Amino acid sequence: MKISCPICGDRDIREFTCMGHASMLNRPDPHAGAKVWNEYLHNRENPAGVIDELWWHGQGCGAWLVVTRNTVTHEILGARLARDVKKEMRDAG
Amino acid sequence: MRFSAFEILKQGLTGNKGWKPHWRSPEPKSHYDVIIVGGGGHGLATAFYLAKEHGITNVAVLEKGYIGGGNVGRNTTIVRANYGLEGNSQFYSHSLKLWENMEADFNFNAMHSQRGIINLFHSDGQRDAFARRGNMMISQGDDAILLDREGVREMLPYLDYEQTRFPIYGGLYHPRGGTARHDAVAWGYARGADMRGVDIIQNCEVQGIDIENGKVVGVQTSKGPIKCGKLGLVTAGRSSQTAAMAGMRLPIESHVLQAFVTEGLKPCVDHVVTYGMGHFYISQSDKGGLVFGGDLDFYASYAARGNLPMVEHVVEAGMTLMPMIGKARMLRSWGGIMDMSPDGSPIIDRTHIDGLYLNCGWCYGGFKAVPGSGFSMAHLMATGNHHAPAEKYRLSRFETGRGLMDEEATGAQHNLH
Ligand SMILES: Cc1cc2nc3c(=O)[nH]c(=O)nc-3n(C[C@H](O)[C@H](O)[C@H](O)COP(=O)(O)OP(=O)(O)OC[C@H]3O[C@@H](n4cnc5c(N)ncnc54)[C@H](O)[C@@H]3O)c2cc1C
Ligand SMILES: [Zn+2]
C-alpha cells in the first residue's frame, strides 16, 4: 500500500502510523459529559467500506493526514492534511 | 451417532460406510426461544451450553457462511490461562477448566494438547514482571513456573540465546497451556448442540433485527423472517454491523491479524513459544506445519488478509529468535477480522433493548475463551444474571470509566491491545 502524502508524494505505508478514526478531530468540550466522551473515545462507526482515518507521516515529513481508505479492499482513495480538514470543520462551525 | 472405541471398530470392519453427518441441516422454523447470530466458536458454544446447562433447546444458530469459516477456523489456536487482571484471570481460568473436559462433553476429538507455553523474557525488568504474573496465575489456582535461561535452553535448544538485541534471560512456563484443532472445536460444539436439539442453519445471513416497544421480537434473514424470544449477537469482527441493525454503535474497531504456516516438518517445536519483544509466537501443528504469527497490521480492515510489511516483520522476528526457521518454506498466510475493544477485554452483556444480548470484543485472544464465553453467555441469556467469572465484562464500563479492564495498560485505543 502507498499513501500519497500532500507534502511528500507517494510513500510506502511503512513510513506511516495509523492513529485511528478521523472522528478524533472532533474533540468534545471538556464538560460535555460522560455520554459524549464515551462516543468520542470508544464508540465507532467501524464501516466495512470507505473510512476516514488519521495517519501520521512519522518517518517522512511528520504531518498528520486524514486518509480516505476502503477497509474491504485496502484501496487508498486520497489523503489530505489533517490541519486543512480541521480548519474546514471549524469554518463550518 | 456417538464416537466410541466400539463404533470405530464396527465402522472399520464394515468399510466405514455407516458414518453420518455430524449435524442436521434443517430449514429454519418460524419461531425459536433463542436465536444466536454467528456460528463461530462463541456462538456455537453459547447454543451448546444453553441446551446442556439450562435445558433450553428450541434454539437456532444462524451463520451467514459456513461453520468454522470465521476467526474460529483462522486462529493460531493458543489456549492459556495466564491473565493477571481481576476479572480476566477468573474468566480464563474457568475457560481452561472447561477446555479440559469439553471433548468428553461434546463427544468429539478437538485435539486439545496441553503441550505447555513458554513466554520468553529478555531483561531483568521483564523477569520481575513475569515473576509477578506467574504468582498471579498461581494464586488464581492455575500453573506457572519461572525458568532461568538454562531451564529454557533445556526445553528449547533451538533458540538463539546470544542474539544482541534481545538476548534470552528466561521464560515463564505455563504447563497447562497449549493448542487445539480449531475447526474441530467449532464442529464439536456444533455436533454437541445439534445432538441436544439446536438447529444450526448455515448460509443464513441476518439482515435486520425486529424490535417492538423496546423488545426484540425476531430477525430478518436471507432465508426469511424468524421470530424469537431472545437474541444473542455473537458475530466477532462483524459485531458493529449486526449491532447497527439494532441501532447501536459499539466500542469496537475491526482490525486484521495475520498468521502463517510452513510446509509439514518432523516434530521440532514441542511447545508454544512466545517472543513478545519481537512480536512473534510459534507452535507446530499436528500435521507438522510451523504455525506462527505476530501483531496486528494496525489499521482497520475487513479484508481477512493483510499486507507485506507485517509479513516481513514477523518473518524477521522469527529469524532472530530461531534461525533454523529460515530453512522451512512458508506455505500460506491469511488474516482474520478481529473485534478490537478499547481496553482489550471483551463484552458479555445485555443491552438497553429487552431480550438483546451482546458478546464481542475478543480482540486476538478469543479462541481460548470459546468455552468460557459460551458458558457465561448461555448463563446470562438463560437466567438473566451475569455469570460470576464473566461479570466484569460490562458494556457500561466504557461510559462510566469504572471497571475498565486494560490488561496491558496501553490506553483507550482499539489497535493497541
Ligand atoms: C490470525 C489469528 C490468530 C489468532 N490466534 C489466536 C490464538 O492463538 N489464541 C486465541 O485465543 N485467539 C486467537 N485468535 C482470536 C480468535 O480466533 C477470535 O477471538 C475468536 O475466534 C472470535 O470468536 P468466534 O470464534 O465466535 O468468531 P468467528 O468464527 O469469526 O464467528 C463469527 C461468525 O459470525 C458470522 N456472522 C457475522 N455477521 C453475520 C450475520 N449478519 N448473520 C449471520 N452470521 C454472521 C460470521 O460469518 C462468523 O462465522 C486469533 C485470530 C486470528 C485471526
Ligand atoms: Zn509527508
Side-chain angles (χ1 to χ4, degrees), chain A residues 1-3 5 10-28 30-60 64-79, chain B residues 235-244 247-256 295-313 335 337-345 347 352 360-361 395-402 404 406 411-417:
Chain A
M1 289 199 290
K2 279 182 185 171
I3 292 179
C5 173
D10 276 359
R11 291 300 185 91
D12 189 280
I13 196 90
R14 290 171 181 83
E15 295 186 2
F16 300 84
T17 310
C18 181
M19 308 299 280
H21 199 279
S23 60
M24 282 290 125
L25 291 174
N26 261 325
R27 194 179 171 82
H31 305 291
K35 256 206 161 56
V36 173
W37 275 94
N38 184 40
E39 282 297 310
Y40 173 75
L41 281 173
H42 305 124
N43 289 348
R44 291 287 178 271
E45 221 52 69
N46 195 21
V50 176
I51 189 173
D52 283 336
E53 287 167 332
L54 285 175
W55 287 70
W56 179 52
H57 196 185
Q59 293 180 55
W64 285 70
L65 310 179
V66 173
V67 174
T68 306
R69 212 167 55 80
N70 188 319
T71 59
V72 177
T73 61
H74 291 164
E75 187 184 2
I76 296 195
L77 302 162
Chain B
T235 47
R238 289 275 172 180
S239 293
S240 296
Q241 280 75 36
T242 52
M248 292 175 67
R249 250 162 71 99
L250 297 183
I252 299 289
E253 266 183 25
S254 297
H255 282 261
V256 54
D295 261 334
L296 294 177
D297 274 31
F298 291 120
Y299 45 81
S301 172
Y302 286 87
R305 60 179 165 75
N307 277 292
L308 200 55
M310 191 46 71
V311 180
E312 286 181 350
H313 180 88
I337 308 170
M338 323 301 331
D339 37 333
M340 304 301 295
S341 70
D343 64 356
S345 292
I347 296 158
H352 68 283
C360 64
L395 181 57
S396 62
R397 69 183 187 268
F398 300 103
E399 184 169 329
T400 63
R402 267 191 295 280
L404 284 174
D406 187 349
Q413 191 170 321
H414 300 74
N415 63 2
L416 293 187
H417 295 279

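Not measured: the values here are computed from a predicted model. Chain identifiers are assigned alphabetically (A, B, ...) following the order of the sequence lines, protein sequences preceding nucleic acid strands; residue numbering begins at 1 within each chain.
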Listing needed: what donor-acceptor pairs below 3.5 Å join chain A with chain B?
from: Arg14(A); atom 1: NH2; to: Glu312(B); atom 2: OE1; distance (Å): 2.7
from: Arg14(A); atom 1: NH2; to: Glu312(B); atom 2: OE2; distance (Å): 3.3
from: Glu39(A); atom 1: OE1; to: Arg249(B); atom 2: NE; distance (Å): 2.7
from: Glu39(A); atom 1: OE1; to: Arg249(B); atom 2: NH2; distance (Å): 3.0
from: His42(A); atom 1: O; to: His414(B); atom 2: NE2; distance (Å): 3.0
from: His42(A); atom 1: ND1; to: Phe398(B); atom 2: O; distance (Å): 3.4
from: Asn43(A); atom 1: O; to: Arg249(B); atom 2: NH2; distance (Å): 3.3
from: Arg44(A); atom 1: N; to: Leu250(B); atom 2: O; distance (Å): 3.0
from: Arg44(A); atom 1: NE; to: Glu253(B); atom 2: OE2; distance (Å): 3.1
from: Glu45(A); atom 1: OE1; to: Arg249(B); atom 2: NH1; distance (Å): 2.7
from: Asn46(A); atom 1: O; to: Gln241(B); atom 2: NE2; distance (Å): 3.3
from: Asn46(A); atom 1: O; to: Tyr302(B); atom 2: OH; distance (Å): 2.7
from: Asn46(A); atom 1: OD1; to: Ser254(B); atom 2: N; distance (Å): 3.0
from: Asn46(A); atom 1: OD1; to: Tyr302(B); atom 2: OH; distance (Å): 3.3
from: Asn46(A); atom 1: ND2; to: Ser240(B); atom 2: OG; distance (Å): 2.7
from: Asn46(A); atom 1: ND2; to: Ile252(B); atom 2: O; distance (Å): 3.4
from: Asn46(A); atom 1: ND2; to: Ser254(B); atom 2: OG; distance (Å): 3.1
from: Asn46(A); atom 1: ND2; to: Tyr302(B); atom 2: OH; distance (Å): 3.1
from: Arg69(A); atom 1: NH1; to: Ala300(B); atom 2: O; distance (Å): 3.4
from: Arg69(A); atom 1: NH2; to: Ala300(B); atom 2: O; distance (Å): 2.6
from: Thr71(A); atom 1: O; to: Tyr302(B); atom 2: N; distance (Å): 2.8
from: His74(A); atom 1: ND1; to: Asn307(B); atom 2: ND2; distance (Å): 3.4
from: His74(A); atom 1: NE2; to: Ser301(B); atom 2: OG; distance (Å): 2.7

Please flag which part of Leu250(B) lies under 4.5 Å from any non-hydrogen atom of chain A: side chain, backbone, both or neither. backbone

Test of understanding: with side-chain contact (heavy atoms from CB on, under 4.5 Å), list the residues that count as partners of Val311(B), not counting sequence neighbours. Gln258(B), Phe260(B), Leu308(B), Val315(B), Met330(B)

With chain A as the partner, which of Pro309(B), Ala412(B), Ala244(B) has the greatest number of non-hydrogen pairs under 4.5 Å? Pro309(B)

